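This report refers to the structure that appears directly beneath it.
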Amino acid sequence: MDFDVIVIGSGFGGAITACRLAERNYKVLVLERGRRWDKTTYPRAATDPWTWNPSRPETENGWLDLRTFGHIAVAQGAAVGGGSLIYANISCEAPERTFTQGWPAEITYAELKPHYDAVATFMNVQTVPDTQWTERMRLMKEGAEKIGHGDRFKKLELAVTFDPPYVPGPGDPHDPQNIAKSRTFTNAQGVEQGTCVHLGNCDIGCDVDARNTLDKNYIPWAEKHGADVRALHLVTNVEPIAGGYKVSFDRLDTGVRVPDSQTARIVILAAGTLGSTDLLLRCRDLTKSLPNVSARLGFGWSSNGDFLTPAFYQDRAVEPSHGPTITCAIDFLDGSENGQRFWIQDGGFPNMLADFLKGEGDGAHRGLMAQTLITSIQHLLQGAEPLKTVMPWFAQGVDGSDGQLKLSTNPFTGDTSLDLDWDITKSEPVMNQIVSTHLQLSALTGGHPLVPPTWSLFKYLITPHPLGGCGMGASGASGVVNHAGEVFGYRNLYVADGAIIPGALGVNPSRTIGALAERVAKILGDDGR
Ligand SMILES: Cc1cc2nc3c(=O)[nH]c(=O)nc-3n(C[C@H](O)[C@H](O)[C@H](O)COP(=O)(O)OP(=O)(O)OC[C@H]3O[C@@H](n4cnc5c(N)ncnc54)[C@H](O)[C@@H]3O)c2cc1C
Ligand code: SF4
């Protein structure tokens with residue numbers, strides 16, 4: 001065998017399993033379809049490589065992979081470091097009661113807690129210092145109080161390094177004098193970073209390296225322990241061979257697809273909710289290299305109840321482009337609002353994104369949903385100082401978790417691609433509760449909300465938090481993998497990413513995915529596999 005372990009993907013599941021197994025002296029190979037990025041290469045101009053094109057990944061391999069399906073769109077990362085490169089840094093635990101239903105009996109909150117803590121320590125999570133509150137935090141707190149739920153407001157932990165003595169000023173955070181206030185330091189994994197100076201660019205890459213993304217901690221630590229991390233390697237098949245598996249992939253680093261393969265005793269799929277499910281579906285149904293994967297594959301997919309309602313404030317500087325993208329929540333996860341479990345968060349967006357959206361013309365090339373959404377945002381951005389006065393009220397909730405990922409073949413081209421059946425019926429009550437809370441928060445704080453017409457007209461959603469598809473279960477009849485992430489019917493074949501989560505969390509999922517990955521690696525290593 002070429003390696004002890006091949007890990008497919010380098011997001012939360014992949015980076016963490018690779019790191020922990022490399023620490024235990026496993027010979028680890030990580031195959032990641034996306035590029036390596038750093039602050040000198042982050043896309044900035046409209047012509048830069050922003051997006052990943054699944055039809056032409058050898059030439060279009062930007063870091064945002066946006067998939068539009070019939071009733072929902074999914075945003076995910078494609079990069080060394082996976083979704084962490086473009087995420088909003090929120091690192092939170094799921095509520096204790098999440099694990100009481102639908103999860104394998106072996107996993108409880110108490111059992112997962114040490115793994116949650118391991119992720120928090122390694123990613124150096126922290127809340128916004130009290131001297132650095134953003135205008136959006138103040139609006140969130142005021143909103144919570146005005147709707148009679150001040151006690152539900154809380155600051156959240158972020159994978160960002162703050163400098164407590166820094167005090168953000170009222171001016172443009174991109175002013176060189178402000179940027180110069182970022183303090184350089186070396187993190188616990190030996191990587192140089194800077195402290196946060198509220199640039200508001202979290203979702204498009206931090207210009208001062210204040211975000212504690214996976215490429216700043218777990219991945220360099222894995223490499224320090226001998227892991228071989230290969231960017232622009234797109235895995236296409238996994239096939240059992242004597243003593244392990246053969247993993248086939250296309251190298252994309254030459255602008256054309258160059259097929260190759262490597263072998264290992266153990267394979268860990270960590271290609272994300274869509275990626276791992278897609279790969280297993282292809283292996284089960286197309287190449288038939290893994291014909292015995294459970295019939296549950298693809299079922300139980302969740303949008304995690306994500307929803308965003310922008311609101312326009314006439315006389316209030318909300319400054320959505322200043323400070324970390326998300327910082328706090330108003331927590332209704334106890335089900336006290338008509339039995340629906342959700343929380344509200346402050347959203348934000350980089351200046352550059354707003355400029356980009358304002359400048360986007362009519363897009364005949366775009367789908368109806370994307371154009372409807374862009375037109376409504378442009379309408380909102382037309383005010384005198386639109387960038388200062390928009391509050392993107394954000395939320396996640398416990399949805400119906402009843403989507404199904406499946407393969408679908410185009411009858412004209414014969415191409416097979418991933419498809420998603422999503423029916424809003426079971427999820428509509430929680431989404432309606434979120435919208436009504438957003439409207440209440442906006443109204444009582446003097447804002448004019450614009451419920452996206454994509455929702456009000458078409459019940460169309462967009463989520464950055466896809467979950468499920470290879471859910472955990474007690475057997476192959478109820479799940480695709482067991483509580484330790486091992487695929488039923490295939491010894492030493494694992495899934496360790498958001499795909500194994502058996503239903504909505506209702507909160508930002510990366511810390512839970514990370515904790516489960518820590519747990520998969522520990523069980524596998526302790527077992528001496
Ligand atoms: C804009 C945005 C903001 C977000 N903000 C937050 C937040 O604040 N907090 C939070 O908790 N979560 C947030 N998320 C969600 C979070 O990023 C994901 O939940 C998390 O990254 C999922 O981890 P994962 O390991 O399952 O998959 P990913 O992180 O998606 O990693 C999967 C990796 O596998 C690679 N891959 C896929 N297919 C293949 C293949 N065939 N071969 C090789 N490699 C492959 C992908 O390129 C990717 O790098 C956000 C997401 C987005 C898009
Ligand atoms: S707010 Fe700015 S400085 Fe702080 S982490 Fe986000 S991008 Fe970096």
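In listed order, ligands and their atoms are each counted from 1. Note that the structure is a prediction, hence the values are computed from the model and not measured.
Here's the thing with Asp203: none of its N/O atoms is less than 3.5 angstrom from an N/O atom of ligand 1. On a distance-only criterion, Ile513 and ligand 1 share no N/O pair closer than 3.5 Å. Where the criterion is an N or O separation shorter than 3.5 Å, residue side chain and backbone included, Gly81 fails it with respect to ligand 1. Remark: ligand 1 and Glu32 share an N or O pair separated by less than 3.5 Å (distance only, no angle test). Considering both main-chain and side-chain atoms, Ser91 never comes within under 3.5 Å of ligand 1 through any nitrogen or oxygen pair. Taking distance alone, with nitrogen or oxygen atoms compared against 3.5 Å, Val235 approaches ligand 1 more closely than that limit. Residue-to-ligand polar distances place Arg33 within reach of ligand 1: an N/O pair is separated by less than 3.5 Å. When only interatomic distances are considered, the shortest N/O to N/O separation between Ala79 and ligand 1 falls below 3.5 Å. By the 3.5 Å distance cut-off applied to N or O atoms, Gly13 is counted among the residues near ligand 1. Close N/O approach between Gly83 and ligand 1 is found [any backbone or side-chain N/O within under 3.5 Å].
Remark: the Asp207 side chain and the Asn201 side chain contain an N/O donor-acceptor pair separated by less than 3.5 Å.
Closest to atom 2 (Fe) of ligand 2, if we only count protein heavy atoms, is Leu199 N, 2.7 Å. Atom 19 (O) of ligand 1 has Pro509 CG, 3.4 Å as its closest protein atom, hydrogens excluded (heavy atom only). Of all protein heavy atoms, the one closest to atom 1 (S) of ligand 2 is Gly200 N, 3.3 Å. With hydrogens left out, the protein atom closest to atom 9 (N) of ligand 1 is Ile90 O, 2.8 Å, a heavy atom. Taking atom 4 (Fe) of ligand 2 as the reference point, the nearest protein heavy-atom neighbour is Cys196 SG, 2.3 Å. When only non-hydrogen protein atoms are considered, atom 27 (O) of ligand 1 lies nearest to Gly272 CA, 3.5 Å. In terms of protein heavy-atom proximity, atom 3 (C) of ligand 1 is nearest to Tyr87 CA, 3.4 Å. In this structure, the protein non-hydrogen atom closest to atom 6 (Fe) of ligand 2 is Cys202 SG, 2.3 Å. Looking only at protein heavy atoms, the nearest one to atom 8 (Fe) of ligand 2 is Cys206 SG, 2.3 Å. Annotation: atom 5 (S) of ligand 2 to nearest protein heavy atom, Arg211 CG, 3.6 Å.
Every atom of ligand 2 is numbered from 1 in the order shown, and the set under 4.0 Å from a heavy atom of Gly323 is 1 (S). Near Val197, meaning under 4.0 Å from any of its heavy atoms, are these atoms of ligand 2: 3 (S).
Taking backbone and side-chain atoms together, His198 has no N/O/S atom less than 2.8 Å away from atom 8 (Fe) of ligand 2.
Contact annotation for atom 16 (C) of ligand 1: protein absent (non-hydrogen atoms, distance under 4.0 Å). The presence of a protein heavy atom under 4.0 Å from atom 46 (C) of ligand 1 is confirmed.
Using modelled atom types, one side-chain atom of His438 and one backbone atom of Phe394 make a donor-acceptor pair closer than 3.5 Å. Between the side chain of Thr17 and the backbone N or O of Gly13, at least one donor-acceptor pair lies under 3.5 Å.
Heavy atoms of Gly14 come nearer than 4.0 angstrom to ligand 1 in no pair at all.
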